[in-house]
There are 2 protein chains.
Amino acid sequence: MPVTLRDVARHAGVSVRTVSNVANDFPHVAPGTRARVQRSIDQLGYRINPAARGLRTGRTGVLGLMVPKLSQPYFAELADETVQAAADAGLALMVEQTEGRREAERSWLRPGGMARMWDGAIVSPLGITGSDLAERLGCPVVLLGEHAADLRAPWVGGDNVAAAVAAVEHLIALGHSEIAAIGAQRGAGGETGRERTKGFRLAMSDAGLPVRKGRVVEPVSFDAAGGAAAVRTLLASRRPPTALMCFNDELAYGALAALAQAHISVPDEVSVIGWDDLRGNEFTVPALTSVRVPKAVVAREAVRLLLSLLGQPSGTEPAPVRIVIDHHITERASTGPAA
Amino acid sequence: MPVTLRDVARHAGVSVRTVSNVANDFPHVAPGTRARVQRSIDQLGYRINPAARGLRTGRTGVLGLMVPKLSQPYFAELADETVQAAADAGLALMVEQTEGRREAERSWLRPGGMARMWDGAIVSPLGITGSDLAERLGCPVVLLGEHAADLRAPWVGGDNVAAAVAAVEHLIALGHSEIAAIGAQRGAGGETGRERTKGFRLAMSDAGLPVRKGRVVEPVSFDAAGGAAAVRTLLASRRPPTALMCFNDELAYGALAALAQAHISVPDEVSVIGWDDLRGNEFTVPALTSVRVPKAVVAREAVRLLLSLLGQPSGTEPAPVRIVIDHHITERASTGPAA
DNA sequence: CGCCGAGTTTGCATCGTTGCATGCAACGAT
DNA sequence: ATCGTTGCATGCAACGATGCAAACTCGGCG
């Protein structure tokens with residue numbers, strides 16, 4: 001029932017190959033012929049059959065995006081931007097959720113997994129290791145900033161250390177000296193947390209400020225619940241901090257909730273800064289100051305980098321390009337002068 | 001370079017067709033043969049080539065999900081559940097964003113659009129009309145609850161009127177009588193808002209309560225900004241309400257923010273109820289009571305319904321099945337007894 | 001002992017497209 | 001007039017899988 005090249009060819013009185021040339025905008029087609037064939041294409045409503053083209057060319061026209069979980073706002077916003085960036089490049093995007101399971105990340109990327117359906121994959125890894133990536137992969141892969149700092153592979157992201165320094169400097173400039181960091185993470189997958197912690201300590205020591213015991217908190221979970229719990233612990237300590245630097249906005253949301261519950265005013269008594277600059281930050285109470293690494297730019301660069309990898313012959317070890325995206329602090333109402 | 005059926009056949013000493021039979025779990029393969037072939041498959045790492053299969057069978061193994069925007073938490077959570085539901089059915093999922101543009105919804109579904117790449121589509125429509133759906137589509141379509149009430153097509157969603165009634169009854173049971181509704185919408189795409197408004201008015205009149213002028217607010221936008229603006233308007237009115245029913249949680253987020261800014265305590269002075277039961281509701285300040293239509297169930301039923309449509313011969317007018325998912329009220333801290 | 005049929009296995013054609021190599025016409029240069 | 005050369009257009013053969021129908025195997029039965 002669907003219209004094929006053959007149908008169009010018959011209709012336009014040319015060969016199948018010529019129709020293909022027109023449909024693909026190949027050069028070396030006479031203007032007159034092109035117009036006539038194009039007319040037939042439009043008239044019959046012909047569209048390229050992606051399966052057949054894919055079979056012939058080995059390309060699918062589809063990119064994969066692997067994120068831990070779409071319902072986390074950060075990844076939802078990232079997916080939003082990536083879908084758009086892919087569409088701008090004329091590619092479709094399939095989204096997979098790994099839930100942070102290393103095995104899922106690994107198996108999907110292997111030649112037998114989903115990667116088979118993709119020309120390339122953009123991966124926001126949590127559990128995957130360098131050796132997993134050294135295995136033969138089903139398609140070229142670009143890693144995104146989260147937890148991928150030490151993997152030798154093409155990579156796009158922000159500079160965690162420098163951005164953490166900027167965040168702390170923002171708080172110090174407001175007069176804070178008793179600052180806590182929420183979001184450190186031991187063990188595998190904790191690279192991001194470690195880098196941000198490093199930046200935190202660096203900025204503190206550069207300012208000549210001590211980092212008191214217990215001021216670097218590893219939350220029980222990296223969501224609002226974890227942030228809230230961390231704040232309750234900090235409030236119970238001998239000398240509670242006057243400023244909190246949360247390693248992601250969801251932690252900060254939980255922090256705000258716990259502070260509100262404890263009737264502690266933000267930012268009058270405690271300042272809070274988050275990280276990711278989520279859309280919702282504008283409407284937390286109070287609106288949340290946050291570290292911003294523009295997701296649209298990350299997505300666009302990731303697609304661009306991936307497309308450039310596609311040009312290279314497969315099997316070639318891809319150069320471990322690292323594209324660093326500028327960060328800055330989006331100031332809102334949750335940070336203010338120290339009391 | 002990739003392993004094909006032919007490679008496996010040679011390796012196992014059987015015909016290509018038999019390998020295909022094993023790979024697809026067809027009956028009528030002798031157990032011994034099956035085991036031997038399976039061993040070869042595993043050993044060589046053979047995987048079905050989806051493009052080739054797709055070309056032959058006409059199926060792609062991919063479902064499409066069309067939502068207005070992934071960065072809206074509601075659609076992100078819905079996409080999360082839908083990806084999972086599709087995976088459970090052995091299908092991949094491609095996500096497209098329509099930004100609510102009718103033309104995008106329409107063109108992607110037409111035979112020439114993305115639908116070409118999909119076995120079926122799950123669509124959360126905003127602008128699409130009944131006549132658009134009556135056109136020849138590129139694949140079977142299941143509509144989701146939002147704004148699709150009056151379209152003749154297979155549909156999965158909650159009962160907006162009944163759920164709105166339940167929400168209002170919850171507020172009335174707490175002693176509220178001065179209740180406002182935020183989220184009405186005139187014009188195309190406003191069906192959801194109209195139904196929820198209908199439920200609101202119905203519950204009020206059933207309780208013998210008047211709906212005062214200006215108490216049904218059409219927000220400037222359906223996000224937190226719109227909710228905040230609506231609340232500011234309501235607060236400026238002669239007799240401000242003591243309870244707010246917001247037609248989605250993002251509106252409610254904005255409402256909470258505006259109330260906090262006005263130093264009005266929730267729920268002591270004003271109660272707020274939202275709709276969608278977003279993950280983040282647990283950590284708003286205070287935690288947001290919300291109408292819940294379980295997204296996991298919606299997604300699962302939508303995939304199930306879509307798969308059942310795939311069985312029917314194309315061209316057949318699909319029966320306009322409507323699957324209604326139960327709602328209930330998730331009570332949290334933002335609703336309380338009237339002052 | 002040969003035939004039957006259920007249970008297995010196979011060969012062939014084909015899905016719609018593009019890579020490749022070649023055909024063909026027209027034109028300018030020799 | 002002839003020979004490249006360039007620019008268009010074409011035919012054929014794949015890509016890797018599955019639908020179809022035929023063929024084979026073998027135990028059981030007339």
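Bear in mind that the values here come from a model prediction, so they are computed numbers and not experimental data. Each chain gets a letter, A, B and so on, in the order the sequences are listed, and its residues count up from 1.
- Rounding to the nearest 0.5 Å places CE of B/Met117 at 9.0 Å from CE of A/Met94.
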field: Where protein sits on nucleotides 5-10 of chain C, one letter per nucleotide: B base, S sugar-phosphate only, - none, heavy atoms under 4.0 Å
entry: ---BBB

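- Atom CZ of B/Arg53 is separated from atom P of C/dT17 by 21 Å (rounded to the nearest Å).
- Checking B/Phe26 against B/Ala51, the closest nucleotide of DNA chain D that is more toward the 5' end is the one next to B/Ala51.
- Here A/Cys139 contributes atom SG and A/Arg59 contributes atom CZ; the two are 11.5 Å apart, rounded to the nearest 0.5 Å.
- Regarding B/Arg47, its CZ atom lies at a distance of 22 Å from the P atom of D/dC15, rounded to whole Å.
- Counting to the nearest Å, the C1' atom of D/dC15 and the CZ atom of A/Arg59 are 15 Å from each other.
- A straight line from CZ of A/Arg116 to C1' of D/dA17 spans 11 Å, rounded to a whole angstrom.
- The terminal axes of the helix from C/dC1-D/dG30 to C/dT30-D/dA1, fitted over 5 pairs per end, subtend an angle of 60° to the nearest 10°.
- Going from atom CG of A/Leu55 over to atom C1' of D/dC15 covers 4 Å, rounded to whole Å.
- Counting only distance, with no hydrogens or angles, the side chain of B/Lys295 and the backbone of B/Asp276 share a donor-acceptor pair below 3.5 Å.
- Put simply, the side chain of B/Gln97 never gets that close to the backbone of A/Gln84: no donor and acceptor are under 3.5 Å apart.
- For the 3.5 Å distance criterion, the side chains of B/Asn49 and B/Arg53 fail to qualify, holding no donor opposite an acceptor.
- Atom CG in A/Asn49 sits about 13 Å away from atom C1' in C/dT18, given to the nearest Å.
- For A/Asp42 and A/Arg39, the salt-bridge test fails: no basic side-chain N is under 4.0 Å from an acidic carboxylate O.
- The shortest distance between side-chain heavy atoms of B/Ile325 and B/Ile323 falls below 4.5 Å.
- For B/Asn24 and D/dT18, the shortest distance from a side-chain N or O to OP1 or OP2 is below 4.0 Å.
- In this structure, B/Leu5 atom CG and C/dG11 atom C1' are separated by 14 Å, rounded to whole Å.
- B/Leu307 contributes atom CG, which lies 6.0 Å from atom CG of B/Leu91 (distance to the nearest 0.5 angstrom).
- For A/Arg56 and C/dT17, a side-chain-to-base donor-acceptor distance below 3.5 Å is absent, hydrogens and geometry of angles not being considered.
- OP1 or OP2 of C/dT18 lies within a sub-4.0 Å distance of a side-chain N or O belonging to A/Ser20.
- Protein atom CE of B/Met117 is 17 Å distant from nucleotide atom P of C/dG16, rounded to whole Å.
- Considering CD of B/Gln43 and NE2 of B/His11, their distance stands at 4.0 Å, rounded to 0.5 Å.
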